[in-house]
Structure formats: structure tokens, C-alpha cells
> 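What follows is a structure written as C-alpha cells; I'll ask about it next.
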Amino acid sequence: PTSGRSEPPLFMDNATNCSVLKESKTILVIGGSIGGVSILACLLPMFLIFYLKLHQQFTYRVALYQVIAALLYECALVLSSFTPLSNGGYYNRPSENSHYPLCQFTGFILQFLFWTKLLFVSFIVIHLFTFAVMYKNIKRVEVCYIVFSVLLSLGIAIIPFLTHTYGLAGSWCWITSWRDDCPSDILVAGLAEQFALYYGPGILLLTIDSALAIILVLILVVRLYRKRADGMENSFKHHQSKALKQMVPLLTYSVAFLFLLLPGFANRVYGATPHPPLAELTLSSIVCIASWGWVAGLTLLIHIIVVVWLKRRVRRRVQTTLLNQYGTTDAATGTVPHFSVNYHLSNSSTHYSLQNESDIDEEKFFFIETATNNVRNM
């Protein structure tokens with residue numbers, strides 16, 4: 001290949017077979033543009049979480065962690081996409097290019113944030129499964145899991161640094177599997193790391209997460225229809241139905257993440273063969289990778305809308321109950337004050353007490369309600 005070229009070549013050099021795709025510019029522009037949209041899609045639900053003070057609840061914090069990881073990943077992806085377009089030397093060999101360390105650093109950041117997001121998605125599934133099926137709250141391990149996720153992600157991301165395999169991986173920077181960008185000259189160490197440190201464990205872990213998510217939804221559906229068939233009280237059916245509406249958006253993370261990972265996997269499998277890269281596979285790969293952010297942001301946004309709407313419905317219904325049964329009103333404003341609902345497991349009785357809105361914990365309310373009804377129906 002020509003030394004000191006200022007832009008990616010326009011076609012594959014059949015004589016040397018050592019050139020990148022002629023569509024590289026288009027692929028990078030599309031990937032970077034979708035990454036920019038994903039950044040905005042992550043910022044909106046993050047703003048709503050803090051504006052509505054939902055970050056005070058454990059479930060929202062866990063969801064927020066993986067959206068933050070997705071946001072940072074998209075920022076790194078945009079850097080990885082647009083820097084080559086503004087600096088042609090980015091494509092040159094390390095010996096010819098003073099900017100090559102930036103390519104290596106970008107690859108490291110992408111690998112680190114991929115694992116961070118992956119582990120936080122798993123944490124969401126684990127939390128919801130143990131919470132809804134086993135009636136256990138793993139909130140106490142929150143800090144430990146964050147530290148564990150960051151350290152594990154950092155340790156895995158450092159490995160390609162030690163083996164010197166970070167570099168240009170086709171059109172963008174990551175773990176390279178070719179020597180000097182030549183598809184006919186496979187770099188075995190880089191190829192092995194792509195599958196051992198990224199696609200292999202990623203697909204395996206997301207498959208397990210998706211299976212748990214599907215099992216959890218089935219369990220809640222079976223509970224709901226079994227109690228309905230048995231003629232149980234409306235309270236239990238209502239809260240099981242509410243649990244489904246609240247959890248399904250969060251449980252879609254793992255399934256969506258898995259499907260978005262598969263095109264990249266197919267692209268790297270094809271790239272392991274001594275053939276020129278296919279523009280179609282490369283394009284589908286970067287589109288799916290860049291979509292992680294907006295899918296995560298949109299899913300969390302839907303979850304926030306659903307939960308806030310349900311919470312307002314519950315509040316209006318119980319306020320109506322307070323007014324009808326107790327005639328409780330605020331003399332100054334003529335409105336029903338905020339409340340909390342508490343259950344006693346000993347006799348399954350219910351009583352209402354006044355409480356500030358900021359103290360109402362929907363997650364805790366659901367946990368107590370579900371556990372009470374299970375004790376009641378044993």
C-alpha cells in the first residue's frame with residue numbers, strides 16, 4: 001500500500017489485497033451519525049430520572065448505570081468514526097503515523113465500555129429475577145457490583161494492550177485481526193481476542209440473561225392467570241399486572257443487546273476468512289453497534305413513562321379510597337394529601353398513613369404487596 005496516503009483507498013488493491021473498503025467513509029459517517037443520535041437518546045431518560053428523582057430507587061439506578069455506559073460507549077464510537085475522516089494519517093501504519101496511539105486508546109475505551117454495559121445489563125436481569133421470583137432485594141451489593149464490573153472490564157480491556165493487538169479493525173479502531181490491514185494476512189492473536197474477549201462471552205452472557213428474562217415474564221404471566229382462574233382478589237391481579245408492565249421494558253435490554261451483537265459477530269466470522277471484507281456486513285455491524293445507545297435510552301424512556309403513569313393511577317385510586325372512607329382532606333387546599341400504603345404480614349391488614357411524596361417508594365411498595373399476597377394465599 002501507498003505510504004502517507006491522506007484518505008482511505010477507494011477500492012481493494014487486488015495486487016496486494018491490503019486496502020480497506022472503498023465504502024469506509026460512508027460506513028464511518030453512518031456509524032458516527034447514529035452514534036450521535038444515540039447520545040441524545042441516552043441523555044433524555046437520564047434527565048428525566050434525575051428530574052423525577054427516580055434515581056433514589058435501586059431499580060432505576062441500575063438501569064441508569066447501563067445507560068451511562070451506553071452513552072460513554074457511543075461517545076467513544078463517534079470518536080472512532082469521525083477522527084479517521086478528519087485525519088487521514090489515522091489509517092497509516094504505526095511506524096508512519098503519530099496519531100496511531102489515539103486509535104489504540106479508542107479501541108481500549110470501546111472494549112472497556114462494552115464490558116461495563118454488558119455487566120450492568122446482567123445486573124438488571126439478576127435484580128429483577130431475584131426481586132420478583134425469590135422476593136429478595138440485592139440492593140446491598142450495589143456498590144460491590146459496580147466496583148466488580150469496573151475492575152473486571154478494565155482487566156479484560158487491558159489484555160489487548162499487553163498483546164499489542166489494538167489498532168485498525170477494518171473501518172474503525174478496535175482489536176485488529178489483520179497484519180497491516182491485509183485480509184489475506186490473519187493476525188491470529190487479534191482474531192482469538194475478538195472472539196474470546198468480546199463476542200464469545202458477550203453472546204453467552206446475553207443468551208443467559210435473555211433466557212432468565214423470558215422465564216421471569218412467563219412466571220409473572222402464569223401467576224397472573226392462575227390467580228385469575230382461581231378467582232383471587234383483584235389486588236393481587238392488579239399488582240402482578242403492574243409488575244409485568246414495569247419489568248418488561250427493562251427485561252428487553254438483554255434480548256435487544258443480543259440481537260444487535262449478532263451482525264457484528266457475523267462480520268468478524270467472515271473477516272476471519274482470507275477474503276476482502278464485505279461492505280454489507282461491515283455496514284450492518286456498525287449500524288447495530290451504534291444503535292446500542294438509542295435502544296437503551298428509548299427502552300428506559302418507555303419504562304419511565306409506564307411507571308410514572310401507573311404510579312399516578314395508584315395514587316388517585318387510593319386517594320379516592322381515603323376520601324370516601326375517611327373523608328381525609330387538606331383544609332387549606334381542599335385536596336387529598338399524599339399517602340403511603342403499609343401491609344402487615346401477621347394479619348394481612350391494611351392501613352393508610354400520610355407521607356411526603358418523595359418518601360413514597362414504588363419498588364418497596366410492590367415488594368411488600370407481593371410478599372403479603374403470597375403469604376395470604378399459601
> Hey, mind stepping through Tyr199 and Arg268 against side-chain contact (heavy atoms from CB on, under 4.5 Å) and telling me if it holds?
CA-CA 9 Å; Tyr199 288 108; Arg268 294 304 170 180; 3.3 Å; yes
> Parallel, tilted or perpendicular: which fits the ring planes of Phe47 and Tyr51, with parallel below 30° and perpendicular above 60°?
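If you compare the ring of Phe47 with that of Tyr51, the planes turn out parallel.
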> Once you round to the nearest 0.5 Å, how far does CD1 of Ile34 lie from CD of Glu74?
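Going from the CD1 atom of Ile34 to the CD atom of Glu74 covers 9.0 Å.
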> Any side-chain heavy atom of Val141 sitting closer than 4.5 Å to one from Phe123?
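The answer is yes, as the side chains (C-beta and beyond) meet within the 4.5 Å cut-off.
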> Are the aromatic ring centres of Tyr253 and Phe257 under 6.0 angstrom apart?
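Between Phe257 and Tyr253, which both carry aromatic rings, the centre distance is not below 6.0 Å.
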> Roughly how far apart are Leu64 CG and Phe50 CZ, rounded to 0.5 Å?
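Interatomic distance, Leu64 CG to Phe50 CZ, rounded to 0.5 Å: 5.0 Å.
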> When rounded to the nearest 0.5 angstrom, what distance separates CG in Asp209 from OG in Ser254?
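One finds 5.5 Å between CG of Asp209 and OG of Ser254.
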> Which label fits Tyr166 and Phe108: parallel for a plane angle under 30°, tilted from 30 to 60°, or perpendicular past 60°?
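Ring orientation of Tyr166 relative to Phe108: perpendicular.
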> Could you check whether atom CZ of Phe259 has more than 12 heavy atoms from other residues, nucleotides or ligands sitting under 6.0 Å from it?
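No, CZ of Phe259 has 12 or fewer neighbouring heavy atoms, counting only those of other groups under 6.0 Å.
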> Output, in order, the C-alpha distance, side-chain angles, deciding distance and verdict of side-chain contact (heavy atoms from CB on, under 4.5 Å) for Leu300 and Ile49.
CA-CA 9 Å; Leu300 182 56; Ile49 282 182; 3.5 Å; yes
> Can you confirm whether or not the ring centre of Phe114 sits under 6.0 Å from the ring centre of Tyr198?
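Distance test on ring centres: under 6.0 Å, yes.
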> Measure the spacing between CD of Gln66 and CG of Leu71 and express it to the nearest 0.5 Å.
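Reported to 0.5 Å precision, the distance equals 11.0 Å.
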